[in-house]
Asker: 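Starting off with a structure, shown below.
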Amino acid sequence: MKTVALIPIKLDSKRVPGKNIKPFFDGTPLMHFIQKACLDAKTIDEVYIYCSDEEVKKYIIPGVQFLKRPEYLNGDNINANDFIREFIKTVDAGIYVNAHTTSPFAKPETIDDCVKHVASGKYDSAFCAEAVRTFLWEDGKPVNFDPDHFPRTQDLPLIYGETSIAYVFTKESFIKHNRRLGSNPYIKEVGKIEAMDIDYIEDFDICNAIYKEIIKK
């Protein structure tokens, strides 16, 4: 079954100006990391950068294709399902991988694991998540523990927080549910470093430090 990776990119970012092309300490633009992870994934046949600005071509690495997306998909009211819906009209595949530049530590084997589980037919979609084992509160009340019977952290109920690494789904599932996650998703648990997601400048600084002190070593 043909598998295609879709990496959506906007060159303008409000919270972190120029985020997707912002260089790490060694000059590597942020958007290079996820491109390489997708290219190194054994289960992906084609990788696309989906962007309305052709200036992005300067930051596309060999092996990755460019597809210009309509300007209207840059609107603040547009969500992931909107640009996926438009993308699959042009690029046909049996399985799609919606990957994101904001996850610089995404591993090819993580993406492969998600694709393999979806390709098996047991799941209609997959996503990566970090296990959240902490005491949660909402509206002044505990959510996942009883304060009268205080548990150990490791005994708290397992709750997952989605990461932006990759969402994998079949074309059939997307058309049926009109969203990237179907009714029976596989959850791929990832570690804290791989789960890092860049939304704010502090996130970029932290990832840059991790890249410099751990990844490069």
Asker: Under a 3.5 Å cutoff, is there a donor and acceptor pairing between the side chains of E162 and Y160?
Answerer: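 The answer is no; no qualifying pair exists.
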Asker: Could you pull out all residues at least two apart from F135 that satisfy ring pair (Phe, Tyr, Trp, His ring centres under 6.0 Å)?
Answerer: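 F145, F150.
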Asker: Could you walk me through whether F105 and I210 pass the side-chain contact (heavy atoms from CB on, under 4.5 Å) test, one step at a time?
Answerer: CA-CA 10 Å; F105 305 127; I210 292 173; 3.7 Å; yes
Asker: Look only at the side chain of S125 and the backbone of G182, and say whether a donor-acceptor pair between them is shorter than 3.5 Å.
Answerer: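 The answer is yes, because a donor-acceptor pair under 3.5 Å joins these two groups.
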Asker: My understanding is that only residues two or more places apart in sequence, or in another chain, count here; which of them pass salt bridge (Lys or Arg N to Asp or Glu O under 4.0 Å) with D124?
Answerer: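 In terms of salt bridge (Lys or Arg N to Asp or Glu O under 4.0 Å), with neighbours along the sequence ignored, D124 is linked to no residue.
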Asker: Once you round to the nearest 0.5 Å, how far does CZ of F83 lie from CD1 of I88?
Answerer: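 Rounded to the nearest 0.5 Å, the CZ-CD1 separation comes out at 12.0 Å.
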Asker: Hey, what do you get for CZ (R133) to CG (D155), rounding to the nearest 0.5 Å?
Answerer: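 That separation rounds to 10.5 Å.
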Asker: Applying side-chain contact (heavy atoms from CB on, under 4.5 Å) to R69 and Y48, what does each step give before you reach the verdict?
Answerer: CA-CA 11 Å; R69 76 184 192 188; Y48 287 84; over 6 Å; no
Asker: Does K10 use its side chain to pair, donor to acceptor, with the backbone of N74 at less than 3.5 Å?
Answerer: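 Yes.
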Asker: Using a 4.5 Å cut-off between side-chain heavy atoms of Ile, Leu, Val, Met, Phe, Trp and Tyr, which other residues end up in the same hydrophobic cluster as Y59?
Answerer: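 M1, I7, I9, L11, I21, M31, I34, L39, I44, V47, I49, V56, I60, I61, V64, F66, I95, V97, I111, V115, V118, V168, which link up through side-chain heavy atoms under 4.5 Å apart, make up the rest of the cluster.
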Asker: Could you tell me whether a side-chain N or O of D82 sits under 3.5 Å from a main-chain N or O of R85, the two making a donor and an acceptor?
Answerer: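 No, the answer is negative, given that no donor and acceptor are paired below the 3.5 Å cut-off.
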Asker: Does D45 have any salt bridge (Lys or Arg N to Asp or Glu O under 4.0 Å) partners at least two apart in sequence or in another chain, and if so, which?
Answerer: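 If we apply the salt bridge (Lys or Arg N to Asp or Glu O under 4.0 Å) test to D45, skipping adjacent residues, there are no hits.
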Asker: Can you check whether P104 reaches I198 side chain to side chain, under 4.5 Å on heavy atoms?
Answerer: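 Yes - at least one pair of side-chain heavy atoms lies under 4.5 Å apart.
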Asker: Distance-only, no hydrogens or angles: does the N184 side chain make a donor-acceptor pair with backbone N or O of K122 under 3.5 Å?
Answerer: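 Judged by distance alone, yes, a pair lies under 3.5 Å.
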Asker: Take Y50 and Q65, measure what side-chain hydrogen bond (donor to acceptor under 3.5 Å, both in side chains) needs, and give me the verdict at the end.
Answerer: CA-CA 9 Å; Y50 197 38; Q65 302 181 60; over 6 Å; no
Asker: Do we get K22 above F204's six-membered ring, with its NZ or CZ under 6.0 Å from the centre and within 45° of the axis?
Answerer: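 Yes, K22 sits over the ring of F204.
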Asker: Listed by chain and number, what are the side-chain contact (heavy atoms from CB on, under 4.5 Å) partners of V143, not counting sequence neighbours?
Answerer: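 Partners of V143 by the side-chain contact (heavy atoms from CB on, under 4.5 Å) criterion, ordered by chain and then number, come out as L136, E138.
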Asker: Between CD of Q35 and CG of D40, what distance do you get to the nearest 0.5 Å?
Answerer: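 Rounded to the nearest 0.5 Å, the CD-CG separation comes to 11.5 Å.
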Asker: Count the heavy atoms of every other residue, nucleotide or ligand shown that sit under 6.0 Å from CD of E109, and state whether that count exceeds 12.
Answerer: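 Check passes, neighbour count above 12.
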Asker: When you group the ILVMFWY residues by side-chain heavy-atom contacts below 4.5 Å and let the links chain together, are I78 and F87 in the same group?
Answerer: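 F87 and I78: one cluster.
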Asker: Go through the structure and list residues passing side-chain hydrogen bond (donor to acceptor under 3.5 Å, both in side chains) with N208, not counting sequence neighbours.
Answerer: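 side-chain hydrogen bond (donor to acceptor under 3.5 Å, both in side chains) list for N208, sorted by chain: empty.
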Asker: Please test F24 against L30 for side-chain contact (heavy atoms from CB on, under 4.5 Å), starting from the C-alpha separation and ending with a verdict.
Answerer: CA-CA 7 Å; F24 274 22; L30 175 60; 4.1 Å; yes
Asker: So which heavy atom on S52 is nearest to which on P70, and how close?
Answerer: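 Shortest heavy-atom separation between S52 and P70 comes out as CB-O, 4.4 Å.
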Asker: Can any side-chain N or O of D53 pair as donor or acceptor with the backbone N or O of E55 at less than 3.5 Å?
Answerer: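 Between the backbone of E55 and the side chain of D53 there is a qualifying donor-acceptor contact (under 3.5 Å).
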Asker: Considering residues at least two apart in sequence or located in another chain, which fulfil the ring pair (Phe, Tyr, Trp, His ring centres under 6.0 Å) criterion with F174?
Answerer: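 Scan of F174 (ring pair (Phe, Tyr, Trp, His ring centres under 6.0 Å), adjacent residues dropped) gives F169.
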Asker: Tell me yes or no: between the side chains of R179 and N81, is some donor less than 3.5 Å from an acceptor?
Answerer: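 N81 and R179 do not have a side-chain donor-acceptor pair below 3.5 Å.
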Asker: Going by an N to O cut-off under 4.0 Å, is there a salt bridge joining E54 and K68?
Answerer: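 Result for this pair is yes, salt bridge flagged.
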Asker: Who pairs with D199 by salt bridge (Lys or Arg N to Asp or Glu O under 4.0 Å), at least two apart in sequence or on another chain?
Answerer: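 Residues passing salt bridge (Lys or Arg N to Asp or Glu O under 4.0 Å) with D199: R15.
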Asker: Any chance you could measure C128, atom SG, to K188, atom NZ, to the nearest 0.5 Å?
Answerer: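 Output value for this atom pair is 8.0 Å.
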Asker: Hydrophobic clusters here meaning ILVMFWY residues chained together by side-chain heavy-atom distances under 4.5 Å, can you tell me if I165 and I187 are in one?
Answerer: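 No, because I165 and I187 fall into different hydrophobic clusters, even though each may have its own neighbours under 4.5 Å.
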Asker: Donor-acceptor pair, distance only, cut-off 3.5 Å: does the side chain of T170 make one with the backbone of S173?
Answerer: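 Present.
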Asker: Residues in salt bridge (Lys or Arg N to Asp or Glu O under 4.0 Å) with K116, at least two apart?
Answerer: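 Applying salt bridge (Lys or Arg N to Asp or Glu O under 4.0 Å) to K116 gives none.
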Asker: Look at atom NZ of K176 and say whether more than 12 heavy atoms of other residues, nucleotides or ligands are closer to it than 6.0 Å.
Answerer: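 At most 12 heavy atoms, drawn from other residues, nucleotides or ligands, come within 6.0 Å of this atom.
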Asker: Do F33 and T28 touch side chain to side chain, with heavy atoms closer than 4.5 Å?
Answerer: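 In short, these two side chains touch, coming nearer than 4.5 Å.
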Asker: Without placing hydrogens or testing angles, list every side-chain donor-acceptor pair under 3.5 Å for residues 190-197, not counting sequence neighbours.
Answerer:
unit_1: K192; atom_1: NZ; unit_2: E130; atom_2: OE2; d: 3.0
unit_1: E194; atom_1: OE1; unit_2: T110; atom_2: OG1; d: 3.3
unit_1: E194; atom_1: OE2; unit_2: K107; atom_2: N; d: 2.9
unit_1: E194; atom_1: OE2; unit_2: T110; atom_2: OG1; d: 2.7
unit_1: D197; atom_1: OD1; unit_2: T102; atom_2: OG1; d: 2.8
unit_1: D197; atom_1: OD1; unit_2: S164; atom_2: OG; d: 2.4

Asker: Please list, chain by chain and in numerical order, all residues satisfying ring pair (Phe, Tyr, Trp, His ring centres under 6.0 Å) with Y167, sequence neighbours excluded.
Answerer: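 Once residues adjacent in sequence are excluded, Y167 has no partner under the ring pair (Phe, Tyr, Trp, His ring centres under 6.0 Å) criterion.
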Asker: Please examine the side chains of V4 and L6, heavy atoms only from C-beta on, and report whether any two atoms are closer than 4.5 Å.
Answerer: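 Counting from C-beta outward, L6 and V4 never come under 4.5 Å.
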Asker: Report the residues that fulfil ring pair (Phe, Tyr, Trp, His ring centres under 6.0 Å) with H117, sequence neighbours left out, ordered by chain and then residue number.
Answerer: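 With sequence neighbours excluded, H117 shows a ring pair (Phe, Tyr, Trp, His ring centres under 6.0 Å) to Y123, Y186, given in chain and number order.
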